[in-house]
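Written out below as structure tokens is the structure these notes cover.
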Amino acid sequence: MIAFQGEPGAYSHEACRTYRPGMEALPCRTFEDTIEAVHQGRADLAMLPVENSTYGRVADIHHLLPESGLHIIDEGFVRVRIALLGVPGSRLEQVREAMSHPVLLGQCRGFLRRHGIRGVVGADTAGSALEVARRAEPALAALAAPLAAEIYGLDVLANGIEDRQNNTTRFLVMAPEPDLSRRANAQGGTVMMTSFVFRVRNIPAALYKALGGFATNGVNMTKLESYMVDGIFAATQFYADIEGHPDDPPVARALEELRYFSSTVTILGVYPADPLRASQRAAQTG
């Protein structure tokens with residue numbers, strides 16, 4: 001069983017079907033409920049979205065990851081194709097409002113503006129489709145995956161309406177225990193990723209010094225983000241993704257230097273890079 005946030009037909013549900021096709025998917029109301037389902041033993045894994053190529057970071061998820069007690073064991077990139085879903089028999093020109101999760105509303109602003117449609121915030125994408133089906137109003141549509149139209153008996157009034165054709169969401173597969181057994185395979189093209197959070201010590205140039213070990217040891221850092229902790233401007237935590245395994249000598253040396261200049265360092269997971277990430281990396285280096 002793999003838990004996800006949202007109703008059946010959500011993009012997280014699609015991610016579950018793509019990356020864990022042999023597992024039954026368990027819908028949950030919130031991200032917290034999704035994590036708790038694993039802790040309670042109702043699910044073996046959790047599927048959590050972390051960022052979108054158009055919209056950016058998924059709100060609150062970086063705060064939840066370090067506190068979840070779960071570990072990243074895989075990542076997956078899902079191409080987000082957005083459809084406008086209406087009640088059977090309705091037409092695009094009748095739609096005045098479109099309901100969806102704020103993340104999805106931000107991914108098709110151009111389409112909504114061109115057609116004079118006002119965005120309405122819903123709990124999630126598939127939940128908005130369910131609400132549109134329940135209310136049965138031709139002027140109200142949902143922005144969701146085409147899969148949601150099949151599940152809730154809606155018509156696809158327009159498809160592929162996202163502002164950017166490479167619109168992609170990155171998901172993380174979370175488990176109760178880490179998996180450090182997998183290693184890179186240069187011949188097979190496998191690249192290992194390590195994700196972690198850290199807080200630097202309160203000394204001058206601490207961040208510069210903490211990150212210096214990654215540069216001097218040739219470790220590629222693919223992501224570095226900062227965010228406040230507990231609503232305090234002076235308390236900043238950093239989230240980072242790097243290429244490599246903690247047991248690789250260059251990575252081990254870089255992490256040792258990071259720990260020297262940091263008050264806390266927490267490894268969130270070690271996992272193979274998604275094939276899409278690996279192919280983009282090959283294209284950049286080739």
Side-chain angles (χ1 to χ4, degrees), residues 2-18 21 24-34 47-61 76-171:
I2 181 167
F4 69 94
Q5 186 275 327
E7 298 287 344
Y11 289 99
S12 294
H13 186 193
E14 184 177 333
C16 292
R17 291 174 56 165
T18 300
E24 183 180 352
L26 174 68
C28 299
R29 190 175 62 86
T30 65
F31 291 135
E32 290 86 350
D33 292 341
T34 305
M47 180 71 75
L48 297 176
V50 289
E51 57 192 331
N52 174 265
S53 61
T54 301
Y55 186 83
R57 170 196 300 174
V58 176
D60 297 331
I61 199 67
F77 291 85
V78 173
R79 173 69 172 86
V80 178
R81 291 176 172 81
I82 304 175
L84 184 73
L85 311 181
V87 295
S90 60
R91 303 186 309 276
L92 173 59
E93 52 268 27
Q94 293 178 283
V95 176
R96 295 292 174 263
E97 294 181 330
M99 179 183 294
S100 195
H101 189 279
V103 170
L104 216 66
L105 291 173
Q107 295 172 25
C108 51
R109 291 190 182 99
F111 176 87
L112 298 179
R113 185 171 56 250
R114 288 193 301 273
H115 292 274
I117 299 173
R118 185 174 72 90
V120 178
V121 174
D124 58 75
T125 59
S128 297
L130 174 61
E131 179 66 10
V132 167
R134 186 187 67 81
R135 288 169 58 173
E137 300 171 6
L140 177 66
L143 297 170
L147 173 63
E150 301 176 18
I151 293 175
Y152 301 109
L154 298 174
D155 286 351
V156 176
L157 306 182
N159 201 2
I161 63 175
E162 56 274 11
D163 291 336
R164 298 183 181 179
Q165 294 306 303
N166 63 344
N167 191 29
T168 303
T169 295
R170 181 188 179 212
F171 288 86

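Nothing here was measured: the structure is a model prediction, and the numbers come from that model.
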Distance from H13 atom NE2 to E7 atom CD, nearest 0.5 Å?
11.0 Å

Can you name the nearest heavy-atom pair linking S100 to S128, along with the distance?
CA-OG, 3.3 Å

Has D124 got a side-chain atom pairing as donor or acceptor with A126's backbone, closer than 3.5 angstrom?
yes

Could you pull out all donor-acceptor pairs under 3.5 Å where a side-chain atom in residues 76-84 meets a protein atom, sequence neighbours excluded?
from : atom 1 : to   : atom 2 : distance (Å)
R79  : NE     : Q165 : O      : 2.8
R79  : NH1    : E162 : OE2    : 3.1
R79  : NH1    : N167 : O      : 3.4
R79  : NH2    : E162 : OE2    : 3.1
R79  : NH2    : Q165 : O      : 2.4

Main chain of I117, side chain of H115: is a donor-acceptor contact present, judged purely on distance under 3.5 Å?
no

With distance as the sole test, does S53 use its side chain to make a donor-acceptor pair with the main-chain N or O of T168 at under 3.5 Å?
yes

Donor-acceptor check, side chain of Q5 to backbone of R29, threshold 3.5 angstrom: yes or no?
yes

Which of these passes side-chain contact (heavy atoms from CB on, under 4.5 Å) with L143: T125, I161, V120, V132?
I161

State which residues pass side chain to side chain donor-acceptor pair (under 3.5 Å) with E131; sequence neighbours excluded, sorted by chain then number.
R134

Donor-acceptor pair, distance only, cut-off 3.5 Å: does the side chain of R17 make one with the backbone of E14?
no

Separation between SG (C108) and CZ (R113), nearest 0.5 Å, reads 11.0 Å

Backbone N or O of G110 within a donor-acceptor pair of the D163 side chain at under 3.5 Å?
yes

